[in-house]
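A short worksheet on the structure shown next.
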Amino acid sequence: METTILVFLLFILVLSIFLGFEVISKVPSLLHTPLMSGSNAISGITVLGALLAAGLAKGGTNDFAALLGGCAVAFAMINVAGGYFVTNRMLNMFKKKEKK
Amino acid sequence: MELTTLINIVYILSAITFILGFKLMSSPVSAKRGNIISAVGMGAAIIVTLMDTHVERFEFILGGMVIGTAIGLLFAFRTPMTGMPQMVGLLNGFGGLASLLVAWAEFHAHPEGQGVFGGTVLWLTAIIGSITFSGSLIAWAKLEEKFISGKPIMYTGQQFVTGAVLFGILATGVLFALDTVAPEAYRYFALFSVLAFIIGILLVIPIGGADMPVVICLLNSYSGMAACASGFIVQNNLLIVAGALVGASGIILTLIMCKAMNRSVANVFLGGFGTPVTGAAAQVVGEMKEVKIDGAYLMLEAASKVVIVPGYGMAVSQAQHAVRELTEALEKNGAEVSFAIHPVAGRMPGHMNVLLAEANISYDAMVEMDAINPTMDTVDVCMVIGANDVVNPAAQEDKTSPLWGMPIIEASRARTVIVMKRGKGKGFAGVENLLFFRNNCRMLYGDAKGSLQTLVSEFKGGS
């Protein structure tokens, strides 16, 4: 890997970490459980890397690598589907009752 | 427009939706919208990745997508709200495993041309993924209390063993990164992945069940870091951004939980907390005074401001719905009812809020510890339901107490305190609760759910 790409990716990483701390420290403790399940869903972003591996062209070492990629797709999708839907289910329960 | 340009533009938009999703979580009103926006961004990123020219076959993709989505949906709709910590714990582990598999697949297909940097990234992704996976499995089992007990497991030479395994991971990592094409490279890869799996177990095994919330938060962060590291393998910005967001979120929650227990992260991970305390604790003065349902009813009936302090014990006895009924009865009687939530109440951050919300309790009645404490003097009746250590005044008064310095909900300052408790036992930390011996405190023994229901029927009969 070239050094220029490495520096560029590190640049993105550092900025994202600061942004993450800034945005997430504003989430109230009321919503910390949905925050964690939502994080589960977003950590399923690995699915993009998994898709590239699972879609490798046929032949040679690629076949086994693609099988590994397919397994990775499955585990990452558990996070994506499970995470988003359970977060939605939880957030649906947070209601404000009108005072009589 | 070139295809790669289009793909990258969609990735940028997806990154924006993830950030927006977290930002909208700053309020319960907008949080749901944020979650949906974030999910749309994820869907778009997946679709454009499938259009990538490097994706040349679809059988494994299709298989993985169908199986993963089906299992995910099953988790999402079948898990009860009390089981949320276990579910989040498991998903952390799956995230780690997915990253490990991506690293393995990449190394298997392209061992050549990785260079020292490529090798290092593969190593990092594999070990973070592997540690997250095994650590999460142990944390899950401890929470379920199925396969291993929730108690901390300690043995002699623990630190030596951990140190030796860590050294093994480092050494094989260096050998691997220096030459990923060497015939031994595959063996090194397998070795450090397995050693990392072992270290994940070794790190979580000594930690007690009461500290699992902290562990879950930290593993949540690790699963993000693993995704981030795999972003360096496939050189994808979106993985790095999303992984970093999750990593930051987990770290913030870990620090909040540690602060709420007045302990350092190191202290939690060196383990051993939750074992019975020896040594001289301060002498307790006074005695516990019991109250029966009738007495409790009279106190509540006369109260105009009631604060309820729920703990995990409330969820265990499935008393949330009875709590809601009592809340309604009290409000009908003209009282103002609010819920004081300690950051470590429940088994993960915010767990108590979800359980109360499930029982249809309005979220604006749930108040954070720092907001409720200044008002405690004006409270007529403070009901403690299934909580113990988080209301123990020893944290503020007894320097020899293991709880010393931990922020608490100052229940003892209310005019009257009613503690609903199954028996006379001690809390998680094994410390005598000074609150129970106060003059203004009354103990209401018995199953919380049953007692609450009787109280509700008293209210109905009396009015």
Side-chain angles (χ1 to χ4, degrees), chain A residues 1 9 12-13 16-17 20-21 23-27 29-33 35-40 42-43 45-46 48-57 61-62 64-82 84-88 90-91 93-94 96-97, chain B residues 18 22-23 25-26 28 31-32 35 39 49 54-56 60-61 63-65 67-69 71-73 75-76 88 91 94-95 97-99 101-102 104-105 108-109 117-118 220 223-224 227 230 234 237 239-242 244-246 248-249 252 349-351 353-354 357-358 362-364 368:
Chain A
M1 198 187 289
L9 293 177
I12 302 274
L13 172 66
S16 308
I17 292 173
F21 274 96
V23 173
I24 288 152
S25 55
K26 297 206 171 62
V27 177
S29 61
L30 175 74
L31 295 178
H32 276 169
T33 298
L35 170 67
M36 286 185 81
S37 60
S39 297
N40 276 152
I42 292 180
S43 75
I45 191 71
T46 321
L48 303 190
L51 287 173
L52 292 174
L56 282 168
T61 52
N62 277 1
F64 182 63
L67 175 66
L68 291 173
C71 295
V73 170
F75 283 108
M77 279 312 288
I78 295 179
N79 271 19
V80 172
Y84 279 122
F85 278 97
V86 87
T87 307
N88 192 60
M90 262 190 266
L91 291 174
M93 297 189 303
F94 281 91
K96 189 171 173 175
K97 269 195 284 184
Chain B
F18 295 160
F22 279 129
K23 204 171 156 53
M25 269 218 180
S26 60
K32 198 184 158 193
N35 187 51
T49 307
H54 293 97
V55 177
E56 294 183 48
F60 292 125
I61 292 178
M65 289 283 234
I67 296 171
T69 309
I71 298 176
L73 289 177
F75 268 117
V88 168
L91 292 194
F94 292 160
L97 181 59
S99 296
L101 289 169
V102 167
W104 187 5
H108 187 88
F117 176 71
N220 198 232
S223 72
S230 67
V234 291
N237 283 330
L239 265 73
I240 294 174
V241 173
L245 289 174
V246 175
S249 157
I252 289 176
H351 194 195
N353 303 90
V354 172
E358 188 192 17
S362 175
Y363 64 75
D364 55 351
E368 289 179 30

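From a predicted model like this one, the values you see are computed outputs, not experimental measurements. Order of the sequence lines fixes the chain letters, A, B, ..., with proteins taken first and strands second; residue numbering starts at 1 for each chain. Hydrogens, waters and symmetry mates play no part in the numbers below; they use all other heavy atoms, side chains included.
- Between chain B and the residues A/Gly49, A/Ser25, A/Cys71, A/Ala66, the most heavy-atom pairs under 4.5 angstrom are made by A/Ala66.
- Once rounded to the nearest 0.5 Å, the distance linking NE2 of B/His351 with CE of A/Met36 reads 11.5 Å.
- Interface residue A/Val80: only side-chain heavy atoms are found under 4.5 Å from chain B.
- When atom types are taken as modelled, the side chain of B/Asp364 and the backbone of A/Lys96 share no donor-acceptor pair closer than 3.5 angstrom.
- The choice from B/Leu73, B/Ile61, B/Ile67, B/Leu91 that makes the most heavy-atom pairs within less than 4.5 Å of chain A is B/Leu91.
- Here the side chain of A/Thr33 pairs a donor or acceptor atom with the backbone of B/Gly350 at under 3.5 angstrom.
- Among A/Ile12, A/Ile17, A/Asn62, the residue with the largest count of heavy-atom pairs under 4.5 Å with chain B is A/Ile12.
- Each of A/Leu67, A/Leu30, A/Thr61, A/Leu91 has some count of heavy-atom pairs under 4.5 Å with chain B, and the biggest count is that of A/Leu30.
- Contact annotation for B/Asn220: only side-chain heavy atoms (C-beta onward) come within less than 4.5 Å of a heavy atom of chain A.
- Between chain A and the options B/Ala109, B/Gly224, B/Ser230, the largest number of non-hydrogen pairs under 4.5 Å is found for B/Ala109.
- In terms of heavy-atom pairs under 4.5 angstrom with chain B, the leader among A/Thr87, A/Ile45, A/Val73 is A/Ile45.
- Comparing B/Ser223, B/Ala76, B/Ala242, B/Ala227 by heavy-atom pairs within less than 4.5 Å of chain A, the highest count is held by B/Ala76.
- The nearest pair of heavy atoms linking B/Ile252 to A/Gly20 is CD1-O, 4.4 Å.
- In this structure, the portion of A/Ala53 lying under 4.5 Å from any heavy atom of chain B is its side chain and not its backbone.
- Taking OG from A/Ser16 and CZ from B/Phe18, the interatomic distance works out to 12.0 Å, rounded to the nearest 0.5 Å.
- Note: B/Val88 leads B/Val241, B/Val88, B/Leu245, B/Val234 in heavy-atom pairs under 4.5 Å with chain A.
- Residue contact with chain A, scored on non-hydrogen atoms closer than 4.5 Å, involves the backbone and the side chain of B/Leu239 alike.
- With a 4.5 Å cut-off on side-chain heavy atoms, A/Val27 and B/Phe22 do not count as touching.
- The contact between B/Ser249 and chain A is made by backbone and side chain atoms together, counting heavy-atom distances below 4.5 Å.
- In this structure, chain A has a heavy atom under 4.5 Å from the side chain of B/Glu368, while its backbone stays farther away.
- Considering CD1 of A/Ile78 and CG of A/Asn40, their distance stands at 11.5 Å, rounded to 0.5 Å.
- Both the backbone and the side chain of B/Val55 come within contact range of chain A, with heavy atoms under 4.5 Å apart.
- You'll find the side chain of B/Tyr363 stays beyond 4.5 Å of the side chain of B/Asn353, heavy atoms only.
- Interface summary for chain A: among B/Leu101, B/Asn35, B/Thr49, B/Val102, the most heavy-atom pairs under 4.5 angstrom belong to B/Asn35.
- For the options B/Gly95, B/Ala39, B/Pro28, heavy-atom pairs under 4.5 Å to chain A are most numerous at B/Ala39.
- Taking CE of B/Met25 as the reference point, atom CG of A/Leu35 lies at 6.0 Å (rounded to 0.5 Å).
- Ring planes of A/Phe75 and B/Phe94: tilted class, angle from 30 to 60°.
- Considering CG of A/Asn79 and OH of A/Tyr84, their distance stands at 10.5 Å, rounded to 0.5 Å.
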